[in-house]
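Okay, structure first, notes after.
Chain A is the first sequence line, chain B the second, and so forth, proteins listed ahead of strands; every chain is numbered from 1.
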Amino acid sequence: MPVITLPDGSRKPFDHAVTVADIAASIGTGLARAALAGKVNDKLVDLSFTVEHDAAIAIITDKDAAGLEVIRHSTAHLLAHAVKSLFPTAQVTIGPVIEDGFYYDFAFTRPFTPDDLTHIEAKMAELAKQDIPVSRSTLSRDEAIRYFRDIGETYKAEIIEAIPAGETLSLYTQADFTDLCRGPHVPTTGKLAKAFKLTRLAGAYWRGDSRNEMLQRIYGTAWADKKSLDAYLTRLEEAEKRDHRKIGKALDLFHFQEEAPGMVFWHADGWAIYQTIKKYISQRVSADGYEEIVTPQLVDLSLWKKSGHWDMFSNEMFTVEADDRQFALKPMNCPCHVQVFKDTLHSYRDLPVRYAEFGCVHRNEMSGAMHGLMRVRQLTQDDGHIFCMENQIQAEAGRFIRTLSDVYRDFGFNDLVVRLATRPEKRLGSDAIWDNAEKALADALTGEGVPFELLPGEGAFYGPKIEFHLRDSIGRQWQCGTLQIDYSQPDRLGAYYIAEDSSKQVPVMLHRAITGSLERFIGILLEHYAGKLPLWLAPTQLVIMNITDRASSFTSEIASLCKKNGIRVKSDLRNEKIGYKIRQHTLQCVPLMAVVGDREVETRSVSLRTRDGEDKGSLTLDQLLALINTAIAQKGRVAETSVSA
RNA sequence: GCCGACGUAGCUCAGCCGGUAGAGCAACUGAUUCGUAAUCAGUAGGUCGGGUGUUCGAUUCACCCCGUCGGCACCA
């Protein structure tokens with residue numbers, strides 16, 4: 001005689017065992033219709049689940065996040081069902097829910113084509129319309145293996161073989177299609193008829209291992225209703241519009257070409273952004289007690305062998321032969337920084353020694369890994385290495401974290417996700433050293449009031465690290481900053497300092513970067529701002545345009561005044577209508593536009609507007625300069641609608 | 001690197017079944033001097049990513065290479 005407690009606290013006694021569907025029906029026909037699954041004592045179950053004892057029950061509909069997951073998961077099954085009915089020899093593998101949708105991996109003799117995708121989607125719609133009941137059954141592990149082997153689903157059988165013997169597995173069947181699945185699923189395929197779409201085809205390795213054969217993955221998306229689907233598709237389009245590769249082309253910032261894959265050709269405007277960032281970081285780092293240095297691009301292979309890079313990463317290093325010697329383009333700056341450290345004898349009193357370098361590094365990334373500015377073969381890191389004693393780690397970490405958060409705010413990133421990656425299984429150094437290092441980083445974070453999550457086992461083999469991920473304006477996370485503790489490299493490369501007792505001691509080295517790669521960081525900025533960089537970063541900060549030739553000499557006068565004041569200004573004296581000029585510069589994302597006509601010449605003023613169409617009114621030249629300088633000084637710490645946005 | 005798609009004028013793209021190419025924007029020239037997101041007219045612009053092959057003939061078909069895109073794997 002179960003007594004059911006509903007989420008609102010009300011209790012419903014039943015005089016017999018009931019299914020979740022029955023309970024939904026007892027509450028209301030509307031709810032019964034909307035019900036997709038249930039939650040019994042916080043465990044997700046099918047509507048057909050029978051409740052025999054007292055329990056807390058919630059009915060899951062498409063209004064719940066869990067309901068949406070059920071829809072997506074069931075839509076993945078619907079996809080597999082459709083594929084099997086169109087291509088009976090295709091084998092099913094796995095089909096999980098992912099962010100905003102789902103995918104399903106198939107093994108099939110020929111590649112699926114975009115045309116197939118259309119047919120599959122149509123078949124899915126047809127199967128959904130048929131409102132086929134989805135039923136759950138169970139088999140023992142061994143029976144399940146036999147079952148899937150018998151129907152020729154060898155991948156499924158292999159999956160089940162990995163499950164411990166003696167477990168009972170659930171199967172879901174809709175018409176002639178049966179799949180292994182934990183569930184829960186929608187009660188009938190009709191619940192899926194509202195809003196799904198297959199989005200793309202891709203290859204994916206079986207079990208995610210590149211040594212295995214490649215399967216064919218079909219991605220799809222599914223939503224509670226058509227409106228949400230459309231909203232999602234619009235969101236994708238919007239994201240595409242802010243693609244830094246498109247913006248880079250449209251704003252003439254940089255380009256790539258075949259002869260130099262993965263290497264950037266910076267155009268004048270892109271380089272203006274780059275230099276602004278570089279100057280800014282340089283100044284920040286110097287204020288923080290770093291010495292800025294530059295080390296060679298080409299270094300004899302012997303150094304990379306000594307540092308260990310050759311063993312680990314030789315396949316990603318470019319090599320050059322000259323004078324019968326083998327050189328490698330540096331893939332990292334750290335071994336060179338150790339050389340600079342070693343070139344002077346250091347006392348413990350000198351520590352910490354901090355070196356910074358805008359280190360241009362080359363990495364022969366695999367061809368398929370390249371992606372605009374985000375993943376290139378030649379990049380510049382805002383790299384830095386701190387040589388210190390163990391008891392200085394925490395203070396140095398704290399100092400770095402403070403600077404990093406502040407720098408991110410200047411760039412307009414206020415949402416930081418911090419992760420601490422701790423000791424991996426394969427590692428160098430004693431547990432005591434790891435204990436100390438991990439604690440130093442954790443304490444530094446806590447000391448700075450920075451919340452963080454742990455990534456157990458994700459640290460580098462030579463030490464733990466902090467990853468700083470920033471979240472952009474459309475919610476995506478990017479790892480940029482990093483702080484790593486390295487006990488091994490200074491030792492390998494023979495770095496030491498003289499300790500208080502005159503003994504030689506190996507310093508600890510901290511690797512750290514704020515933007516990570518300048519190229520990538522600019523890509524992130526472009527997408528974050530959709531090209532509308534804040535005033536301090538904009539390649540052209542102000543365009544001054546005349547209305548008629550009568551105003552052209554005053555326009556030029558203002559332009560040179562601005563230039564003298566360090567403002568990146570352009571004048572547009574073309575014989576075009578003012579509306580046309582404004583449109584063009586707006587599309588070029590120029591933050592500020594000053595219009596000069598007869599009225600302005602008369603009063604020696606400008607009429608100022610922003611690229612967002614905000615009218616700043618009439619300003620004297622002094623007011624104009626003051627407004628611009630104030631906005632530049634604010635950097636990225638302003639709302640999008642204000643002047644510098 | 002792997003799977004798939006794509007590569008046509010500066011940009012965005014069209015070009016069915018093989019007969020050496022088109023549009024819009026940009027550019028250039030001329031007219032227009034016009035007050036806050038597109039003035040009008042004209043002109044010019046392409047060994048159709050590279051190579052090989054099939055063919056009387058290839059942007060179109062086949063194969064190879066390069067690059068890009070979407071994923072996978074990788075990301076010191």
Take the angle between the ring planes of A/Tyr104 and A/His77 and call it parallel below 30°, perpendicular above 60°, tilted in between.
-> perpendicular

Please work out which residues in residues 422-429 of chain A have a non-hydrogen atom less than 4.0 Å from an atom of RNA chain B and list them by number.
-> none

When every nucleotide of nucleotides 64-74 of chain B is labelled 5' to 3' by its protein contacts under 4.0 Å (heavy atoms), B for base, S for sugar-phosphate only, - for none, what sequence of letters results?
-> --BS-SBBBBB

On a heavy-atom basis, the closest approach of A/Pro424 and A/Gly459 is CG-O, 3.4 Å

Considering just the side-chain nitrogens and oxygens of A/Arg609, establish if one lies under 4.0 Å of OP1 or OP2 belonging to B/A37.
-> yes

Would you call the rings of A/Phe413 and A/Tyr529 parallel, tilted or perpendicular, where under 30° means parallel and over 60° means perpendicular?
-> tilted

Look at A/Tyr580 and B/U33 and indicate whether a side-chain polar atom (N or O) is within less than 4.0 Å of OP1 or OP2.
-> no

Take atom C1' in B/C65 and the same atom in B/G24, then report the distance between them in whole Å.
-> 34 Å

Nucleotide of B/C11, B/U36, B/U33 approaching A/Val595 most closely (side-chain heavy atoms) = B/U36

Does OP1 or OP2 of B/G35 have a side-chain N or O of A/Lys581 closer than 4.0 Å?
-> no

Residues forming a side-chain hydrogen bond (donor to acceptor under 3.5 Å, both in side chains) with A/Asp209, sequence neighbours excluded | A/Arg211

Which of B/A38, B/U36, B/A76 is nearest the side chain of A/Arg583? It is B/A38

